[in-house]
Amino acid sequence: MPRYQPHVAARPSWRCRVCGAAWPCSPARLALLGEYRENRLGLLIYLAALLDEAAGDIAGQTGSDRLTDRFLTWARAR
């Protein structure tokens, strides 16, 4: 049986090291929601810090104008 591999970002591309999708990919989002299930504000602060790093790494690339949606919008409380 294959072992679980965490879906983490490959920098500076900010693509998932496991599945190759734009990070945070769906499995990474699920893992982050589970890890921060009692601290949504902490999750948003963590993602905002990563957004700042990613903005510097992928500035000017296709899709860089949608980084806020990619990193933060999905994590807001509904």
Side-chain angles (χ1 to χ4, degrees):
M1 187 163 188
R3 292 184 333 154
Y4 172 77
Q5 291 183 295
H7 289 252
V8 296
R11 296 175 187 178
S13 69
W14 289 89
R15 302 207 57 87
C16 178
R17 289 183 186 270
V18 175
C19 67
W23 195 91
C25 58
S26 291
R29 290 176 181 190
L30 286 173
L32 287 165
L33 286 171
E35 184 177 341
Y36 285 89
R37 72 180 146 268
E38 300 296 326
N39 188 3
R40 186 63 61 108
L41 179 59
L43 172 60
L44 290 169
I45 291 169
Y46 174 67
L47 290 171
L50 294 177
L51 168 63
D52 186 57
E53 290 181 38
D57 288 342
I58 62 177
Q61 294 181 19
T62 303
S64 63
D65 58 332
R66 294 185 298 272
L67 285 177
T68 300
D69 286 339
R70 180 172 153 184
F71 279 81
L72 295 176
T73 303
W74 66 269
R76 292 185 320 198
R78 297 175 196 247

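- To the nearest 0.5 Å, atom CG of residue L47 and atom CG of residue L67 are 12.0 Å apart.
- Transitive grouping of hydrophobic side chains (ILVMFWY, heavy atoms separated by less than 4.5 Å) brings W74 and I58 into a common cluster.
- Here R11 pairs with E53 under the salt bridge (charged side-chain N to carboxylate O under 4.0 Å, His left out) rule; sequence neighbours left out.
- Note on L32 and W14: same hydrophobic cluster, where clusters join Ile, Leu, Val, Met, Phe, Trp and Tyr whose side-chain heavy atoms are under 4.5 Å apart, directly or indirectly.
- The side-chain hydrogen bond (donor to acceptor under 3.5 Å, both in side chains) check on W23 picks up nothing, with sequence neighbours excluded.
- For R40 (side chain) and A75 (main-chain N/O), a donor-acceptor pair under 3.5 Å exists by modelled atom type.
- In terms of heavy-atom proximity, A54 sits nearest to F71 at CB-CZ, 3.6 Å.
- Summarising the geometry, atom OH belonging to Y46 is positioned 13.0 Å from atom CG belonging to L44; distances are rounded to the nearest 0.5 Å.
- Through direct or relayed side-chain contacts under 4.5 Å between Ile, Leu, Val, Met, Phe, Trp and Tyr, V8 connects to no other residue.
- Listed by first and then second residue, the salt bridge (Lys or Arg N to Asp or Glu O under 4.0 Å) pairs involving residues 29-38 amount to none (not counting sequence neighbours).
- Residues passing the side-chain contact (heavy atoms from CB on, under 4.5 Å) test with P27, sequence neighbours excluded: H7, C25.
- Both L72 and L33 are members of a single hydrophobic cluster when ILVMFWY side chains are connected at heavy-atom separations under 4.5 Å.
- Other members of the cluster containing I45 are L41, with ILVMFWY side chains joined at under 4.5 Å, either directly or via other members.
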